[in-house]
There are 2 protein chains.
Amino acid sequence: MPRDLRLSRMLHVLIHLDRHVERATSDQIAGMISTNPVVVRRMMAGLRKKEILISEKGHGGGWQLARPLNAISLRDVYQAIGSPPLFNIGSGADPTDCLVEKAVDARLDLAMQEAERKLLKQFSEISVEDLAHDFEQRFAALQGDADEASANAAFKHFRTDG
Amino acid sequence: MPRDLRLSRMLHVLIHLDRHVERATSDQIAGMISTNPVVVRRMMAGLRKKEILISEKGHGGGWQLARPLNAISLRDVYQAIGSPPLFNIGSGADPTDCLVEKAVDARLDLAMQEAERKLLKQFSEISVEDLAHDFEQRFAALQGDADEASANAAFKHFRTDG
DNA sequence: AGACATGAAACTTTCATTGTTGCGTGATCG
DNA sequence: CGATCACGCAACAATGAAAGTTTCATGTCT
C-alpha cells in the first residue's frame, strides 16, 4: 500500500545482520527482501555515509553493522535513507496570492508538522534493538508451540543460502 | 511536494463558497484552484454524497454548500474525498513468513496508526469555519496596511469572473 | 430548440519509488 | 598475473496513484 518501503526494509535487514549473519552480500540481502542487489545498494548507501553500516568489496565482502543495534534509532535509519516525505497529503508547494489558500495551507501545514514532529520523536525513542527484541519474543512463542514448521519459517531467508 | 492535494483544495473551495460566492460552476471553481472542471467534479462528488455540498444542473446551476462551515470538520472533508492514505511510508502489504519482518512491520504500523489517530483527531476538532476565520484575520491585517494591491490579491479568483 | 452545467467513462500525463541492465573499480583466490 | 567476486555508479524501464484531458450522455432553464 505505501509507496516508500525503505524504512521497513532497512530495519528488517539490520536485524538479520545483527542476529543471523555477520556479513551479507547485496545479493543475499536482496533475497531477504525480495528485490535485487542494486536496490539494496542504493538503499544502504545512505547508512554507510552515516556510519551505521560498513561495506567491503571483493571476495568475502558484503555489508556489516558498524554499531550495535541499541545505538541505532528508527530516526537514524529514517534520516539515513534521506528523510523521505512522511505524508501523502498536504498543500501545494507553489506560492499563491489567494489569502484563503494561504490561510488553509498554513493551518494544514501546522497540523502536519506537529504530527511529523511527534512521529519522529517516537522514532528517535525506538532503537532497532527494541524491534529485535520484539522478533525474539515472537520466536520464543512459536518455539513454545508444537508448530515447528512455523518456527522454521522464521529462518526462511537463510534456508536457501546454502 | 505531497501527491494528494484534494483536502487542501477542497477546504480552499469550501471557504470561497461560503464567504465570496453563493453558488459556483465547476468551471469557476476550476479557475480558483488552477485546474479543470472535470477534476473539480471528481473531487467534489464525494462531498455531495456526504451531503456537504449540493450540485444542480442546467442554467444557473453549480455547486452550493449544504451546511454551514462550522458544521464541517476537516475530518469530514478528508473522509468525503475518500480517506486517501495519509502516509507515504510504511510497510509492505503482502503477508510474509519471516518473523523479523512481521515484528518490524507490526511495530512500525503501530507507530503510524497512532500518528494517524492523533492527526485525525486534530482534523475532527478543526472546522472549516476556523480556517475561514484565519483567512479573515489575514485579510483584516492587510487592510490595515497601506498595501491595497496585496489586499486586492485576496480576491484574485473573482476579479476575472466578470 | 438551444444553451448551460453536471455525471460518468475512458484515456493520457506526471512523478517518485522500484526494478533492471551495464560498466567501472577494488579485493581476494588460485 | 588472471579470474572471480562484490560494491559503486550511471542510465533507463516499469509501476501505481493522482491529476489532467477528451468525449458523450443527462438534466434544466430560457
Side-chain angles (χ1 to χ4, degrees), chain A residues 1-10 13 17 21 23-31 33-49 53-64 66 78 81-94 161-162, chain B residues 1-10 12-13 17 21 23-49 53-64 66 78 81-94 161-162:
Chain A
M1 190 96 80
R3 313 244 173 66
D4 194 325
L5 304 171
R6 285 174 287 182
L7 178 59
S8 164
R9 282 176 158 179
M10 271 310 316
V13 170
L17 283 178
V21 289
R23 186 181 288 184
T25 67
S26 301
D27 262 296
Q28 293 172 320
I29 295 171
I33 58 180
S34 302
T35 179
N36 71 75
V38 180
V39 173
V40 170
R41 292 192 193 106
R42 190 152 65 207
M43 176 177 72
M44 296 175 85
L47 281 84
R48 187 184 51 233
K49 284 172 196 155
L53 288 172
I54 294 170
S55 66
E56 285 180 48
K57 295 182 178 179
H59 262 292
W63 297 87
Q64 200 174 346
Y78 168 73
I81 60 175
S83 302
L86 283 179
F87 294 103
N88 188 43
I89 71 169
S91 54
D94 41 297
D161 284 351
Chain B
M1 188 101 79
R3 310 241 175 67
D4 194 325
L5 304 172
R6 284 174 289 181
L7 178 59
S8 164
R9 282 177 158 178
M10 271 310 316
H12 180 183
V13 170
L17 282 178
V21 289
R23 185 181 288 184
T25 67
S26 302
D27 262 297
Q28 294 172 319
I29 295 171
M32 296 179 193
I33 58 179
S34 302
T35 179
N36 70 77
V38 179
V39 173
V40 170
R41 291 191 196 106
R42 190 190 292 155
M43 175 176 72
M44 295 175 84
L47 281 82
R48 185 184 52 233
K49 285 172 196 155
L53 289 172
I54 294 169
S55 67
E56 285 180 48
K57 295 181 178 180
H59 263 294
W63 297 86
Q64 199 173 347
Y78 167 74
I81 60 176
S83 302
L86 284 179
F87 294 103
N88 188 43
I89 71 169
S91 54
D94 41 297
D161 284 350

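Residue numbers start from 1 in every chain, and the chains themselves are labelled A, B, ... in the order their sequence lines are given, proteins ahead of strands. These numbers come from the heavy atoms of this one structure, side chains and all, not from hydrogens, waters or symmetry mates.
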>> Does a side-chain N or O of A:Asn36 approach OP1 or OP2 of C:dT20 to a distance below 4.0 Å, or not?
In response: yes

Which pairs would a plain distance check flag for residues 41-49 of chain A, meaning a side-chain donor or acceptor within less than 3.5 Å of a matching protein atom at least two apart in sequence or in another chain?
from	atom 1	to	atom 2	distance (Å)
A:Arg41	NE	A:Ser26	OG	3.4

> Whole-Å distance between D:dC9 P and A:Met44 CE?
Replying inline: 15 Å

Check nucleotides 27-30 of chain D for protein N or O atoms closer than 3.5 Å to its own N or O atoms and list the pairs.
from	atom 1	to	atom 2	distance (Å)
D:dG27	O4'	B:Lys57	NZ	3.4
D:dG27	N2	B:Gly58	N	3.1

> What are the two closest heavy atoms between A:Gly60 and A:Arg23, and how far apart are they?
Replying inline: O-NH1, 2.9 Å

> Which whole-number value in Å describes the distance from B:Ile54 CD1 to C:dA5 C1'?
Replying inline: 16 Å

> Should B:Ser26 be listed as having a side-chain N or O under 4.0 Å from OP1 or OP2 of C:dT6?
Replying inline: yes

> Do any side-chain nitrogens or oxygens of B:Arg41 fall under 4.0 Å of OP1 or OP2 in C:dT6?
Replying inline: yes

> At under 4.0 Å, does any side-chain N or O of B:Ser55 touch on OP1 or OP2 of C:dT6?
Replying inline: no

> Quick one: ring-ring contact (aromatic ring centres under 6.0 Å, His included) partners of B:Tyr78, sequence neighbours excluded?
Replying inline: none

Protein N or O to nucleotides 11-16 of chain D N or O, pairs below 3.5 Å:
none

> Which whole-number value in Å describes the distance from B:Asp27 CG to D:dT21 P?
Replying inline: 12 Å

> On DNA chain C, nearest-nucleotide positions of A:Asp4 versus B:Gly62: which is more 5'?
Replying inline: B:Gly62

> OP1, OP2 of C:dA5 versus side-chain N and O of B:Thr25: anything below 4.0 Å?
Replying inline: no

> Can you name the closest pair of heavy atoms from A:Ile33 and A:Val40 and give their distance?
Replying inline: CD1-CG2, 4.2 Å

> C:dT17, D:dG20, C:dT18: which one has an atom nearest the side-chain heavy atoms of A:Arg9?
Replying inline: C:dT18

